[in-house]
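These numbers were taken from a predicted model, which means no experiment stands behind them.
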Amino acid sequence: MERVEKIEHIWCDKDDRWIYLEYNEINKIVGINFRQGDDYKYFKKSWCFSDKGLTEFYKQMLYTFPIEKVSVNTLEFINKCMWAYHAAISHNEEHNVE
């Protein structure tokens, strides 16, 4: 587990979500989470922690899609990863209902 040196809360109007980011001492992202909607109080209360699955997915996407990563800014890339992660989980749950 990496030591967290900095935390950011970022509002993404285009994607209608609050993003939680943790950074280590070399300013590398080591934790991510998000909450759809603009309720900042609820976001702060219930979503300000690193989602381990999303964080690992993001780290994998950095290596899986390097061309996509450099074609957009960091926040856009993070949002693309979040949409892909959410869609994959939703589709998996939808198609694996017994």
Side-chain angles (χ1 to χ4, degrees):
M1 181 136 172
E2 296 192 56
R3 182 181 161 131
V4 175
E5 294 291 325
K6 180 176 115 178
I7 293 174
E8 280 188 313
H9 299 172
I10 302 169
W11 169 247
C12 294
D13 193 50
K14 177 182 161 197
D15 294 286
D16 186 39
R17 69 168 54 119
W18 279 102
I19 296 177
Y20 170 85
L21 298 174
E22 296 176 344
Y23 297 87
N24 66 9
E25 67 278 352
I26 60 170
N27 212 32
K28 178 181 171 189
I29 294 173
V30 295
I32 297 177
N33 205 349
F34 73 99
R35 165 82 168 83
Q36 287 302 128
D38 63 355
D39 188 342
Y40 185 63
K41 285 169 80 174
Y42 184 63
F43 166 77
K44 279 182 29 178
K45 179 181 177 188
S46 302
W47 296 89
C48 289
F49 60 90
S50 178
D51 178 307
K52 304 291 188 221
L54 176 57
T55 301
E56 289 304 314
F57 183 81
Y58 168 75
K59 289 178 181 178
Q60 183 63 47
M61 294 302 96
L62 291 172
Y63 297 102
T64 304
F65 295 113
I67 294 170
E68 178 70 21
K69 179 183 173 275
V70 298
S71 70
V72 295
N73 68 44
T74 300
L75 194 54
E76 287 180 66
F77 185 74
I78 289 169
N79 273 303
K80 286 176 182 280
C81 291
M82 288 176 176
W83 282 119
Y85 182 76
H86 174 70
I89 288 174
S90 295
H91 292 306
N92 184 56
E93 290 173 354
E94 177 183 335
H95 295 290
N96 286 311
V97 175
E98 293 182 33

Is Arg17 close enough and on-axis enough to Phe34, meaning under 6.0 Å and within 45°, for cation-pi? yes
If you count heavy atoms of other groups shown closer than 6.0 angstrom to CZ of Phe65, is the number above 12? no
Donor on one side chain, acceptor on other, Glu5 and Asn24, under 3.5 Å: no
Return the orientation label for the His86 and Trp83 ring planes: parallel under 30°, perpendicular over 60°, tilted otherwise. perpendicular
Glu25/Arg3 ion pair, N-O < 4.0 Å: no
Taking everything shown except Phe49 itself, do over 12 heavy atoms lie less than 6.0 Å from its CZ? yes
Report the relative orientation of the aromatic rings in Phe43 and His9; use parallel for angles under 30°, tilted for 30 to 60°, perpendicular for over 60°. perpendicular
Heavy-atom closest contact (Gln36 atom, Asp16 atom, distance): NE2-O, 3.0 Å
Search all heavy atoms of Thr55 against all heavy atoms of Val30 and return the closest pair with its distance. CG2-O, 3.4 Å
Could you tell me whether Lys69 atom NZ has more than 12 heavy atoms of other residues or ligands within 6.0 Å of it? no
Might you confirm whether atom NZ of Lys6 has over 12 heavy atoms from other residues, nucleotides or ligands at distances under 6.0 Å? yes
Mind telling me whether Tyr42 and Trp47 have parallel, tilted or perpendicular rings, with 30° and 60° as the class edges? perpendicular
